[in-house]
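Below is one structure, written out as structure tokens; the observations come after it.
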Amino acid sequence: MGIKARGSLVLLIFALLIGSFGVYVAAFARQRPPSVAVMVGADGAPTLVLQTVGTLGFGPKPDWPSFLVQRSDGSWEQTTVFNLPAYSTVRVKVLEYDTQTGLRNNFFGQPQGLVDDAITVDSKTFTGSDIVTTFNPDLVAHTFTVPGLDVSVPFVGVTNDAPNQCSVAPCDESNAHRTIEFDIKTGAPGTFRWQCFVPCAPGGFLYGNGGPMQTVGFMDGFVNVV
Amino acid sequence: MSSDGDPDRAEISHGRRIFFIWLIVAGIVTPLVALFVTPYLPPGDASVQANNQQGINAILLVLVVPIILGCVVYVFYSFVLFRDRGDGRPDSPVLRGNRRVTVWWIIGTCLIVAFVVPYGTWQWMGPGVGSGSAQGPKPIATPPGETLEVQVIGQQWQFTYRYPSFGGIETQELVIPEDQYVELHVTSLDVNHSFWAVGLALKADAVNGADNVVFVSATRAGEFKIRCAELCGLWHGEMYQNDARVVPEAEFQTWIQQQTELNEGLLAYLPPYAHIYYPQPFYRGD
């Protein structure tokens, strides 16, 4: 093989390697959990139904906590990307199956940005200053915090010794859980990131968020207001 | 090379010519830059510190313009007079060593540094009160009179603020009064962040277990932007606030009153105000 042919072959292999790497990076960058649209409630109101679990129980990270969203057919999707209608009041129902971890900053134990400052936990409704006096930040399992919408809601977890805890998602309501309900208002269309402010990953992560706490699809995501 | 056959004389002539051209150009351009460009230099004049930095930037620009013009004049002069005209003349001989140029270069550089260092130090210690830079837990450039203490808490991925003068309440947005010195104590609850109030020309690292003090006096009411300037994880790029506010004193009092009411129940759960915080062990991962 002549020197020109060898040179061309090396260049071709090099180009193929670079191209393959580029395709891999592009595919990785475009990877995102599926987005789920809110359901329509019995009274026609848009309703977002979530569940939080302490251990997902399947997939490559079975020991990670995660959020799941209910589709309109009643099935559960492990995702953290939701589509909410613009300029609407959206009902949010959270089935909280995880245990209490506690907040790194107790400030996020205060619900903020809710319609009428009202939140219902296990059928008990709290309003106004009730909220802040009620939620002990040490008992919080997760938060749903959307800085762009000025919304932050702590979810009180089930007690560590609660019977019949769920270890594989999706959990059903026979498992130990708390039911948290509140309404939020959306404004103009846009994409807003959200996150959980509890250091909820296995292993502690006291001094920084790791694992599920910085992985979209588990404890971070996007609210698409459309 | 000389066209009259006397290289030494020609060299002196070119040098003088370049010097006089530079003198004229610098004499015209430098005042124009000082008059029409320096007022628009960043970071503006929204705070005493921003104004101070702008003044320092203006001095540095006015110092550097003649130097840049000297280089530009020299290069253009050479392009015009010594370009290859295609007449086959060889390159000039390589010149090595010129004591006079070396000495003047060293003297000039030393004079500039001898001016800039004490001037900058005086500005930092005096009128700039730290010039918007953080000074650690025991600041040495401090403002006269009383200050309003506000704590900046960095956490993945949001800044929150505590006001110890008002019971240690915590808020999501930063609001400060105008024409009053604010003493910001910057810390972090987790990884390293950097609190950057862009328009106010403040930047201070937020480090877990460290108290980093920076002073600011905002000169006019309005909104300003806050950014995290230290790569801190997945949502680093989202760790910002575009509507932090400087407000008149009366408006500040109204706002702080509202926040105090909002904090009424929360205060019981907030840790006592301190300059640093360490997360307590939690249930998971103990």
Side-chain angles (χ1 to χ4, degrees), chain A residues 54 65 98-113 117 126 128-141 145 147-148 150 152 154 157 159-160 191-210 213-216 219-220 222, chain B residues 151-163 168-173 187-193 207-209 226 228 230-243 259-273 277-286:
Chain A
D98 199 6
T99 51
Q100 299 154 354
T101 298
L103 283 155
R104 186 179 287 137
N105 184 350
N106 293 351
F107 174 73
F108 293 100
Q110 183 184 42
Q112 292 174 38
D117 286 331
F126 303 91
S129 61
D130 284 345
I131 295 171
V132 290
T133 54
T134 305
F135 297 140
N136 182 340
D138 288 342
L139 309 183
V140 172
T145 305
D150 292 327
S152 184
T159 54
N160 285 350
T191 299
F192 305 91
R193 65 103 182 177
W194 70 268
Q195 70 167 102
C196 167
F197 266 95
V198 175
C200 57
F205 289 107
L206 279 182
Y207 296 101
N209 288 354
M213 292 142 70
Q214 32 187 337
T215 305
V216 173
M219 285 290 145
D220 307 84
F222 296 95
Chain B
Q151 184 171 51
V152 179
I153 302 172
Q155 62 235 286
Q156 289 175 314
W157 290 273
Q158 191 171 327
F159 287 110
T160 53
Y161 310 92
R162 292 193 76 176
Y163 292 77
I169 62 165
E170 190 161 345
T171 66
Q172 286 204 77
E173 58 173 343
T187 190
S188 167
L189 294 183
D190 40 49
V191 299
N192 291 355
H193 303 276
V207 179
N208 182 242
I226 291 168
C228 177
E230 181 76 45
L231 189 62
C232 60
L234 180 69
W235 298 117
H236 161 69
E238 296 281 328
M239 201 167 158
Y240 65 81
Q241 186 190 343
N242 281 338
D243 56 355
Q259 298 303 312
T260 304
E261 286 165 15
L262 283 173
N263 268 254
E264 214 167 274
L266 180 66
L267 270 177
Y269 291 115
L270 292 180
Y273 180 78
Y277 306 95
Y278 292 107
Q280 298 298 311
F282 295 126
Y283 305 116
R284 193 191 303 275
D286 281 354

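Note that the coordinates shown come from a computational prediction; the quantities given were computed from them, not determined experimentally. Residue numbers start from 1 in every chain, and the chains themselves are labelled A, B, ... in the order their sequence lines are given, proteins ahead of strands.
- Between the side chain of A:Q195 and the backbone N or O of B:Q156 there is at least one donor-acceptor pair closer than 3.5 Å.
- Summarising the geometry of B:Q158 relative to A:T145, their closest heavy-atom pair is OE1-CG2, 4.4 Å, with the distance given to 0.1 Å.
- Here the side chain of B:Q172 pairs no donor or acceptor atom with the backbone of A:P147 at under 3.5 angstrom.
- For the atom pair CG of A:D117 and CG of B:L262, the computed distance is 8.0 Å after rounding to the nearest 0.5 Å.
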Query raised in the report: Step by step, would you call B:Q155 with A:F108 a side chain to side chain contact (heavy atoms under 4.5 Å, CB included)?
Result: CA-CA 11 Å; B:Q155 62 235 286; A:F108 293 100; 3.6 Å; yes
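- Heavy-atom distances place no part of B:S188 under 4.5 Å from chain A, backbone and side chain included.
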Requested in this report: For A:Q110 and B:Y269, run side chain to side chain contact (heavy atoms under 4.5 Å, CB included): C-alpha distance rounded to whole Å, both residues' side-chain angles, the deciding distance at 0.1 Å, then the answer.
Outcome: CA-CA 10 Å; A:Q110 183 184 42; B:Y269 291 115; over 6 Å; no
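- For a residue to count as touching a neighbouring chain, one of its non-hydrogen atoms must lie under 4.5 Å from one of that chain's; by this rule A:T215 touches chain B with the backbone only.
- Expressed to the nearest 0.5 Å, how far CG of B:L266 lies from CZ of A:F107 amounts to 6.5 Å.
- Using a 4.5 Å heavy-atom threshold, the side chains of B:Y277 and A:N105 count as separate.
- B:W235 is listed as a side-chain neighbour of A:V216, based on a closest heavy-atom distance under 4.5 Å.
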